Amino acid sequence: QVQLVESGGGLVQAGGSLKVSCAASGRTITVASMGWFRQAPGKERESVAAISWSGAYTWYADSVKGRFTISTDNAKNTVYLQMTSLKPEDTAVYYCAAGRGAVSRVVAGTVDYWGQGTQVNVSS
């Protein structure tokens with residue numbers, strides 16, 4: 001089993017920045033890819049960004065490309081999502097996800113482990 005704990009959510013003004021973190025513990029050796037998803041009220045959960053555990057491969061949704069950066073710190077078993085130029089439409093609960101498969105599978109929603117989520121609110 002792998003446990004994922006997110007932190008770093010909060011309230012920020014439009015145009016501001018925020019960094020959320022996801023610490024993984026347990027059998028992390030089984031994890032190949034990590035991702036961030038988000039779910040806004042009344043909307044379906046969507047994939048935002050994903051990365052291979054080695055950091056070699058990344059993927060971003062078009063809506064966040066150029067504004068968000070996903071990264072890993074293998075020594076700390078932690079994945080980060082740096083968010084800049086935030087918009088009110090970025091408001092959502094952000095979930096960390098881990099998968100035993102490739103980045104593309106995580107992006108498609110084939111996820112083996114989920115975090116509990118962290119709320120990000122962007123005010124206009």
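The first residue of the sequence shown is numbered 1, and numbering continues consecutively from there. Since the structure is predicted, the reported quantities are computational estimates derived from the model, not experimental observations.
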Taking C-beta and beyond as the side chain, do W36 and I70 meet within less than 4.5 Å on heavy atoms? yes
Evaluation steps, side-chain contact (heavy atoms from CB on, under 4.5 Å), between S17 and L86: CA-CA 6 Å; S17 299; L86 282 161; 5.5 Å; no
Is there a donor-acceptor pair under 3.5 Å between the side chain of T28 and the backbone N or O of S25? no
Over all heavy atoms of both residues, which pair between T78 and S21 is shortest? Give the atoms and the distance, please. CG2-CB, 4.2 Å
For the NZ atom on K65, are there more than 12 heavy atoms of other groups (residues, nucleotides or ligands in this structure) within a distance under 6.0 Å? yes
Just by distance, do the side chain of T72 and the backbone of N74 share a donor-acceptor pair under 3.5 Å? no
Verify same cluster id: V31, Y80 (apolar side-chain graph, 4.5 Å): no
Please table the atom pairs, donor to acceptor, closer than 3.5 Å between any side-chain atom in residues 94-108 and protein atoms at least two apart or in another chain.
unit_1 : atom_1 : unit_2 : atom_2 : d
Y94    : OH     : R38    : NH1    : 3.0
Y94    : OH     : D90    : O      : 2.6
R100   : NH1    : Y113   : OH     : 3.3
R100   : NH2    : D112   : OD1    : 3.1

Distance check, rounded to the nearest 0.5 Å: R67 atom CZ versus Q82 atom CD? 12.0 Å
So, does R27 use its side chain to make a donor-acceptor pair with the main chain of Q1 at under 3.5 Å? no
Measure across A14 and P88 and return the closest heavy-atom pair with its distance rounded to 0.1 Å. CB-CD, 4.1 Å
How long is the straight-line distance from OG1 of T91 back to CG of N121, given to the nearest 0.5 Å? 5.0 Å
Single-linkage hydrophobic cluster, 4.5 Å side-chain cutoff, V122 and V64 together: yes
Point-to-point distance, once rounded to the nearest 0.5 Å, from CZ of F68 to OG1 of T58: 14.5 Å
Between C22 and M34 the two heavy atoms that sit nearest each other are SG-CE, 4.2 Å
So, do Y60 and V48 sit near enough that their side-chain heavy atoms are less than 4.5 Å apart? no
Is the F37-W114 ring centre distance short of 6.0 angstrom? yes
Close side-chain approach of E6 and Q116, heavy atoms under 4.5 Å: yes
Any side-chain heavy atom of V120 within less than 4.5 Å of one from V20? yes
A24 and V2: which non-hydrogen atoms are nearest, and at how many Å? CB-CG1, 4.4 Å
Side-chain contact, heavy-atom cut-off 4.5 Å: V93 with T118? no
Minimum heavy-atom separation for L18 to G10, with atom names? CD2-N, 3.8 Å
